[in-house]
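Here is the structure we will look at.
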Amino acid sequence: MFKYIVLSSIFILSSCSVGEEYSHRYFFSDKEAQRNLNILPNEYIINNNWYEIFNDTDLNTLIQQAMTDNLTLRQGIERLQQSRLNYMIQSKNNYPMFNASGEYNYSKASDNADYSYDVNAFKAGFDVSWELDIWGKGRYISEQYFNLMHNTAYSLLNIRVSITAELIFNYINLRQAQEKLQIANKNLRLQRDIMQTVKDKYNAGIADPLALNQAEYAVEKTKSGIPPLKTQIENYKNAIAVLLGVLPDRLPVNLDKYQRNITNTAFKYNVQKLYNLPLGVIRSRPDIMAAEMSVRAQNAAVNAALTNLYPSITLNATFGFISNSGHSLFDKNSQVYGYVPGISLPIWHWGQLTNNIELQKHIKEEYLLNYNEAMLTALTELKNAITAVEQAYKTNAYTQTSLNKMRNVMELTRNKYENGLIEFTDVAIAEQDYLNAQNALAESNAAILQYLTAFYKATGGGYNLKACK
């Protein structure tokens with residue numbers, strides 16, 4: 001009867017827990033985020049492949065390969081596998097542990113010692129040990145590593161977001177440098193034509209050496225800007241190769257050839273979509289979710305530390321066979337068994353247990369502050385990206401208009417010079433301004449793409465909470 005009372009008491013106690021349920025003090029609510037971002041909440045979910053809006057097949061191919069071969073991403077996958085295995089290990093700490101053993105012991109006794117005898121013993125059996133999870137320590141440790149595993153999973157998604165954005169930035173910069181190179185080559189041909197006109201006038205005696213030298217200077221100046229552009233192009237191609245985890249000559253596409261350059265024209269985008277976002281767009285970013293998983297894991301660590309203040313009960317049992325002969329080892333008469341229930345109650349540990357609880361609480365507080373800081377940073381990034389996209393389109397419109405005006409100025413200036421109405425100095429100035437205006441438009445077109453990339457990165461790159469689930 002006493003055995004049943006003990007077992008019933010153990011069963012009842014095993015359902016106890018001493019920790020606190022997880023609760024989170026959010027730095028700001030979704031409604032406050034909505035008000036600060038001026039978003040119009042809806043069920044619109046950003047696609048993980050949002051970059052396909054750029055309609056660039058080369059870019060799509062590069063990103064798809066990066067998502068499988070990028071070395072940083074593969075390291076993240078290995079960390080996730082490690083985290084899963086760690087969870088599987090730690091979650092079984094409070095399970096009964098079974099061990100099997102076998103032993104043969106032979107000992108020749110001394111003939112000159114009293115009460116000595118020879119030993120010839122065979123042993124076989126198994127034992128079980130179990131620390132009962134009365135106060136929930138095992139459950140808290142399991143919960144801790146479960147949340148750490150999810151932290152690693154969300155961190156992996158955040159790596160995907162970062163790699164995608166970094167690859168797009170490098171690709172845009174590459175195309176921008178190639179567009180500038182094409183602009184420089186076009187202007188070089190134009191300036192050589194103008195220089196030939198000046199030479200003809202000089203040989204005819206109607207142009208002075210100053211005009212000829214200015215024309216030659218313009219040509220050489222434009223030529224001097226070409227090598228740095230070629231260097232940039234090579235650097236961006238190498239950076240893309242690193243992101244794909246391949247050698248530069250193993251890229252899946254030929255980056256020197258393209259049907260269209262996405263920085264050649266301004267990308268058309270409905271700016272209103274910047275505000276059509278899910279209400280919890282900030283809170284569901286992978287990096288924010290990873291930070292929250294850290295808080296949840298540490299909350300479990302606090303609870304696990306609390307359980308150390310309470311008694312622990314262990315059960316140990318053995319069953320086996322012992323015999324002086326191997327032939328009779330597994331006979332019924334060779335059976336041995338035993339069980340040892342035990343209890344341990346902490347009395348005085350010089351403050352170690354209580355200080356450990358306070359330590360875990362302060363670590364949790366640090367993680368909470370880190371989460372709140374990450375939330376504030378995420379809101380700021382998204383707000384900055386929205387503003388940047390809107391202003392980039394305004395800047396692009398002004399830049400396009402100024403280029404059109406500068407093109408007219410260039411044509412008029414050249415015609416006037418050819419008719420002998422102005423000095424060549426005006427032509428040289430107009431040439432440089434026209435080149436600058438073309439480069440400015442290429443930079444503005446690229447800026448729109450870069451700010452849109454920053455916007456989608458700030459939203460979590462499509463890896464929102466629903467997609468993660």
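In terms of modelled atom types and a separation under 3.5 Å, the side chain of Q438 and the main chain of L403 share no donor-acceptor contact. Side-chain atoms of R283 never come within 3.5 Å of backbone atoms of I288 as a donor-acceptor pair (strictly under, hydrogens ignored). Remark: the backbone N or O of L421 is not paired with any side-chain donor or acceptor of N419 at under 3.5 angstrom. A distance-only check finds no donor-acceptor pair linking the side chain of N299 to the backbone of V295 [under 3.5 Å]. Using a distance-only test at 3.5 Å, with no hydrogens or angles considered, a donor-acceptor pair links the side chain of T387 to the main chain of K383. With hydrogens and angles disregarded, no donor-acceptor distance shorter than 3.5 Å links the side chain of W130 to the backbone of M97. The backbone N or O of Y154 sits nowhere less than 3.5 Å from a side-chain atom of N158 that would complete a donor-acceptor pair. In this structure, the side chain of D133 does not engage the main chain of N94 through any donor-acceptor pair within 3.5 Å.
Residue L435 holds its CG atom at 4.5 Å from CG of N187, rounded to the nearest 0.5 Å. Atom CD1 of residue I282 and atom CG of residue L376 lie 10.0 Å apart, to the nearest 0.5 angstrom. Atoms CD and CE, from E411 and M406 in turn, are 10.5 Å apart once rounded to the nearest 0.5 Å. The line from CG of L441 to CD of Q400 is 5.0 Å long, rounded to the nearest 0.5 Å. In this structure, CG in N60 is found 8.0 Å from CG in N55, a value given to the nearest 0.5 Å. The structure places CG of L368 at 13.0 Å from NZ of K361, a figure rounded to the nearest 0.5 Å.
By the 4.5 Å heavy-atom criterion applied to side chains, I357 and L309 are counted as neighbours. Two residues are said to be in side-chain contact when any heavy atoms from C-beta on lie closer than 4.5 Å; L62 and P252 meet this criterion. Between N356 and Q352, the closest side-chain pair of non-hydrogen atoms is not below 4.5 Å. Put simply, the side chain of L412 does not reach to within 4.5 Å of the side chain of K416, judged on heavy atoms. Within the 4.5 Å cutoff, the side chain of Q182 has no heavy atoms near those of the N264 side chain. Side-chain contact between M195 and E220 is absent, with no heavy-atom pair separated by less than 4.5 Å. Side-chain contact between T453 and Q450 is absent, with no heavy atoms from C-beta onward closer than 4.5 Å. Between L59 and I63 the shortest side-chain heavy-atom distance falls below 4.5 Å.
Pairs engaging residues 404-453 under the ring-ring contact (aromatic ring centres under 6.0 Å, His included) rule: Y417-F424 [sequence neighbours left out]. Pairs of residues two or more places apart, or lying in two chains, that qualify as ring-ring contact (aromatic ring centres under 6.0 Å, His included) and include a residue from residues 252-275 are F54-F267.
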> Between Q360 and N303, does a side chain to side chain donor-acceptor pair (under 3.5 Å) hold up when you go through it step by step?
Replying inline: CA-CA 9 Å; Q360 301 306 322; N303 292 336; over 6 Å; no

> Are I134 and Y310 close enough, and set up right, to give a side-chain contact (heavy atoms from CB on, under 4.5 Å), and what steps lead you there?
Replying inline: CA-CA 9 Å; I134 296 177; Y310 295 84; over 6 Å; no

> How far apart are the C-alpha atoms of I448 and V389, what are their side-chain angles, what is the distance that settles it, and do they pass the side-chain contact (heavy atoms from CB on, under 4.5 Å) test?
Replying inline: CA-CA 6 Å; I448 290 175; V389 172; 5.7 Å; no

>> Working note: T425 + Q214, criterion side-chain contact (heavy atoms from CB on, under 4.5 Å); need CA distance, chi angles, decisive distance, verdict.
In response: CA-CA 7 Å; T425 301; Q214 285 180 319; 3.2 Å; yes

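Partners of Q176 by side-chain hydrogen bond (donor to acceptor under 3.5 Å, both in side chains), not counting sequence neighbours: none found. For N151, the side-chain hydrogen bond (donor to acceptor under 3.5 Å, both in side chains) test picks out S294, with sequence neighbours left out. Residues satisfying the salt bridge (charged side-chain N to carboxylate O under 4.0 Å, His left out) test with E131, not counting sequence neighbours, are none. D127 pairs by the salt bridge (charged side-chain N to carboxylate O under 4.0 Å, His left out) definition with nothing, not counting sequence neighbours. The side-chain hydrogen bond (donor to acceptor under 3.5 Å, both in side chains) check on S91 picks up nothing, with sequence neighbours excluded. Listed by chain and residue number, W50 satisfy the ring pair (Phe, Tyr, Trp, His ring centres under 6.0 Å) test with Y456 (two or more places apart in sequence, or in another chain). Considering only residues two or more places apart in sequence or on other chains, K180 meets the salt bridge (charged side-chain N to carboxylate O under 4.0 Å, His left out) condition with E443. Every salt bridge (charged side-chain N to carboxylate O under 4.0 Å, His left out) that E234 has, sequence neighbours left out, goes to K237.
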Just distance, no hydrogens or angles: give the donor-acceptor pairs under 3.5 Å from side chains in residues 77-89, sequence neighbours left out.
unit_1	atom_1	unit_2	atom_2	d
S83	OG	M149	N	3.4
S83	OG	T152	OG1	3.4

Identify all side-chain donor-acceptor contacts of residues 164-172 below 3.5 Å with residues at least two apart in sequence or on another chain.
unit_1	atom_1	unit_2	atom_2	d
T164	OG1	R160	O	2.8
N170	ND2	E166	O	2.8
Y171	OH	D56	OD1	2.9
Y171	OH	D56	OD2	2.9
Y171	OH	R175	NE	3.0
Y171	OH	R175	NH2	3.1

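The shortest heavy-atom contact between I240 and L255 is CD1-CD1, 4.1 Å. Across all their heavy atoms, S444 and N396 have their closest contact at OG-ND2, 2.9 Å. Closest non-hydrogen pair, N70 versus I163, comes out as OD1-CD1, 2.9 Å. Taking each heavy atom of P346 and H349 in turn, the nearest pair found is CB-NE2, 3.7 Å. Taking every heavy atom of both residues into account, G76 and I159 meet most closely at CA-CD1, 4.3 Å. In this structure, S402 and T399 approach most closely via the heavy-atom pair OG-O, 2.7 Å.
Counting non-hydrogen atoms of other residues, nucleotides and ligands closer than 6.0 Å to NZ of K186 gives a total of 12 or fewer. The number of heavy-atom neighbours closer than 6.0 Å to CD of Q272, taken from other residues, nucleotides and ligands shown, is above 12. Heavy-atom contacts from other residues, nucleotides or ligands closer than 6.0 Å to CZ of F455 number more than 12. Environment of CD in Q90: crowded, with over 12 heavy atoms of neighbouring residues, nucleotides or ligands closer than 6.0 Å. In E390, the CD atom is crowded: over 12 heavy atoms of neighbouring residues, nucleotides or ligands sit closer than 6.0 Å.
One finds a salt bridge joining R285 and E381 here, because a Lys/Arg side-chain nitrogen approaches an Asp/Glu carboxylate oxygen to under 4.0 Å.
For the residue pair T222 / Q191, a side-chain donor-acceptor distance below 3.5 Å is found, with atom types taken as modelled. Counted by atom type alone, N147 and Y145 present zero donor-acceptor pairs between their side chains at under 3.5 Å.
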